[in-house]
Amino acid sequence: MRDQAAAVLHGNDEGTWTKASPHLYPHQWSWDSAFIAIGWAHLDVGRAMTELEQLFAAQWATGMVPHIVFRGGPGVPYFPGPEWWDCASVTPAARGLPAPTTGICQPPVHALALRRIWQLTPSPRRPEIRARIQALYPRMVSWHRYLATGRDPEASGMVTTYHPWEGTDNSPRWDRALERIKVAKPGPYTRIDTSELGDPSQRPTNWDYDRFLWLVEQLRKFRYDDVLIYRHHRFLIKDVFFSAVFAAANAALLDLADAAGASDGDRGDLTGWLDRGRAALAHRFEAKSGLCADYDVRTGEPIRLRTFAGFAPLFARTADAGQLAAQLRRLDSPDFCGDPRLRWRLLPSTSPAEPAFEAHDYWRGPVWPVINWLLWQSLTQLGCPARAAGLRRDSLAEIAETGVFAEYFDPFTGKPLGSPQQSWTAAVALDWLSVSGARSPG
Ligand code: 2M8
């Protein structure tokens with residue numbers, strides 16, 4: 001399996017960056033790149049660093065790392081392409097970049113990747129890789145500073161998301177906020193994803209795409225200015241999963257502070273963001289459901305749905321023993337991994353008990369290996385090696401059963417769904433294959 005996973009990365013390799021998948025996603029995606037760098041680190045730590053360096057070369061002047069860098073070039077079929085975003089025309093923050101980008105971002109897994117690269121760097125390569133980490137580290141801190149300020153002007157400890165494309169596209173977490181948006185069709189457009197995949201039921205609907213594109217139009221109108229967006233945008237959600245990844249990423253940058261020669265000021269800021277983030281998530285935890293709830297800034301209402309995001313305290317490596325115990329019980333309850341219909345004991349994107357659940361449909365039910373990798377890593381670090389080992393074993397078994405490094409899997413049948421040869425699935429498989437079930441990844 002290791003050779004097959006490596007072949008997926010090599011097959012999608014464009015030399016200095018990696019396509020998220022061969023056909024469906026032919027550009028460089030932000031959080032995909034971070035996972036991909038973890039995969040490359042098992043093959044060549046220098047190549048892993050290059051992946052992150054190339055992504056951060058497209059970082060905006062605001063510190064934001066854009067969700068797509070359109071490195072594939074203009075002829076490569078992907079919809080919507082850079083013309084829908086038009087970032088460099090409307091904001092100086094997006095000018096002078098090596099390739100056009102989108103104007104939104106994705107969960108900051110990058111620091112986890114940087115830490116993993118450093119852990120995997122063999123002694124002879126340490127001086128070279130340390131120098132490259134030292135060069136990249138300030139850019140990562142500025143990315144985190146953007147999230148802690150531009151995306152959290154209230155200093156609440158929770159990151160605000162502006163668009164479903166900021167991670168988990170058609171998750172039912174966004175349904176109500178999208179339902180409030182009444183849009184006329186945002187001009188004629190032709191989707192490529194559904195024909196590329198051949199099965200539209202595995203992808204967001206046209207209703208979703210109308211809203212996704214309308215939201216892009218709005219963000220462009222606000223010139224991607226966080227202050228204007230905060231004032232006028234219709235979709236503003238305090239995202240518990242994004243916030244949890246941010247907390248874990250702040251901890252990862254602190255772990256690297258000595259190797260990177262971080263300043264006292266940066267260490268202080270990172271510690272502050274980490275503490276504030278964990279405290280906010282602890283506050284959003286609801287004992288009754290055993291889950292954390294997102295929060296809609298526009299309506300002032302919590303979003304109470306049973307999805308993987310409810311396990312934000314686990315993803316953030318909560319320091320609260322009571323919440324940890326409650327979340328572990330919930331994880332293996334019949335609403336989640338304890339559902340007897342599941343093919344593997346893995347965390348589905350949406351609970352099968354949730355009315356919006358769809359076994360085939362993208363973020364509305366399927367199992368995503370990268371999400372289970374994040375959970376595995378957290379549980380290992382939280383001192384739950386047995387449960388972590390189960391996630392690793394079942395995830396590898398899920399991939400091995402069909403031999404497909406799929407984007408996502410049907411939780412009941414284990415059928416591979418979405419794009420085959422998805423880079424980040426191969427990358428996390430490489431990482432899982434490198435450690436024994438009980439050994440700590442971090
Ligand atoms: C999916 O999103 C893209 C848009 O960004 C799409 O559906 O076209 C999501 O799963 C996203 O989280 C992921 O980064 C991207 C590439 O794998 O695909």
Side-chain angles (χ1 to χ4, degrees), residues 8-9 12 17-39 51 55 65-72 76-82 84-85 100-110 113 161-174 189-197 199-206 208-213 215-216 219 239 241-242 245 307-309 348-350 360-374 405-409 416-428:
V8 169
L9 287 193
N12 293 337
W17 63 278
T18 312
K19 289 182 284 191
S21 73
H23 307 294
L24 194 58
Y25 308 122
H27 297 285
Q28 187 174 27
W29 261 259
S30 171
W31 68 329
D32 296 64
S33 270
F35 287 110
I36 289 165
I38 291 170
E51 190 74 28
L55 178 71
V65 175
H67 113 280
I68 305 175
V69 186
F70 291 103
R71 285 194 180 274
V76 168
Y78 178 75
F79 177 83
W84 280 79
W85 298 88
T101 73
T102 60
I104 54 172
C105 60
Q106 289 185 318
V109 183
H110 318 89
T161 181
Y162 299 161
H163 198 293
W165 276 332
E166 299 207 297
T168 58
D169 309 26
N170 72 344
S171 170
R173 297 157 72 201
W174 320 132
Y189 65 90
T190 308
R191 290 177 62 177
I192 306 177
D193 58 321
T194 35
S195 44
E196 176 61 52
L197 209 58
D199 179 1
S201 75
Q202 295 178 28
R203 294 284 306 174
T205 61
N206 289 337
D208 292 322
Y209 260 68
D210 284 352
R211 276 145 195 86
F212 293 171
L213 292 167
L215 287 171
V216 170
L219 292 167
D239 176 336
F241 172 67
F242 202 128
V245 174
T307 74
F308 78 99
S349 48
T350 299
H360 274 75
D361 189 359
Y362 215 35
W363 290 96
R364 299 178 82 84
V367 168
W368 289 70
V370 287
I371 297 298
N372 280 273
W373 183 91
L374 286 170
F405 293 90
E407 192 181 359
Y408 43 98
F409 292 84
L417 302 167
S419 175
Q421 289 136 355
Q422 182 82 7
S423 297
W424 66 7
T425 304
V428 296

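Whatever order the structure lists them in is the order used to number ligands and atoms, beginning at 1. The shown structure was predicted, so the numbers you read here are calculated from the model rather than taken from an experiment.
Ligand 1 places these atoms under 4.0 Å from at least one heavy atom of R203: 6 (C), 7 (O), 8 (O). Below 4.0 Å from some heavy atom of Q106 lie the following atoms of ligand 1, by number and element: 11 (C), 12 (O), 13 (C), 14 (O).
With contacts defined as side-chain heavy-atom distances shorter than 4.5 Å, the pair R364/S349 does not qualify. Two residues are said to be in side-chain contact when any heavy atoms from C-beta on lie closer than 4.5 Å; Y362 and L417 fail this criterion. Counting only heavy atoms from C-beta outward, the side chains of F241 and T307 never approach each other to under 4.5 Å. Looking at W174 and T161, their side chains come closer than 4.5 Å, going by heavy atoms from C-beta outward. A 4.5 Å side-chain heavy-atom check between D239 and R173 finds at least one atom pair inside the cut-off.
In terms of protein heavy-atom proximity, atom 17 (O) of ligand 1 is closest to D32 OD2, 2.6 Å. With respect to atom 5 (O) of ligand 1, the closest heavy atom belonging to the protein is H67 NE2, 2.8 Å. Atom 8 (O) of ligand 1 has its closest protein heavy atom at Y78 OH, 2.6 Å. Looking only at protein heavy atoms, the nearest one to atom 1 (C) of ligand 1 is Y362 OH, 2.8 Å. Atom 10 (O) of ligand 1 has W363 NE1, 3.2 Å as its closest protein atom, hydrogens excluded (heavy atom only). For atom 12 (O) of ligand 1, the closest non-hydrogen atom of the protein is G167 O, 2.6 Å.
No hydrogens or angles considered: a donor-acceptor pair under 3.5 Å links the side chains of H110 and S30.
Below 3.5 Å of separation, one finds no N or O of W165 facing any N or O of ligand 1. Here's the thing with W424: none of its N/O atoms is less than 3.5 angstrom from an N/O atom of ligand 1.
Of the heavy atoms in F35, none comes closer than 4.0 Å to ligand 1.
Between H67 and W165, the angle of the ring planes stays under 30°, which puts this pair in the parallel group of the 30/60° scheme. Ring pair Y78/W29 is perpendicular by interplanar angle, where above 60° counts as perpendicular and below 30° as parallel.
Heavy-atom distances between D169 and ligand 1 reach below 4.0 Å in at least one pair.
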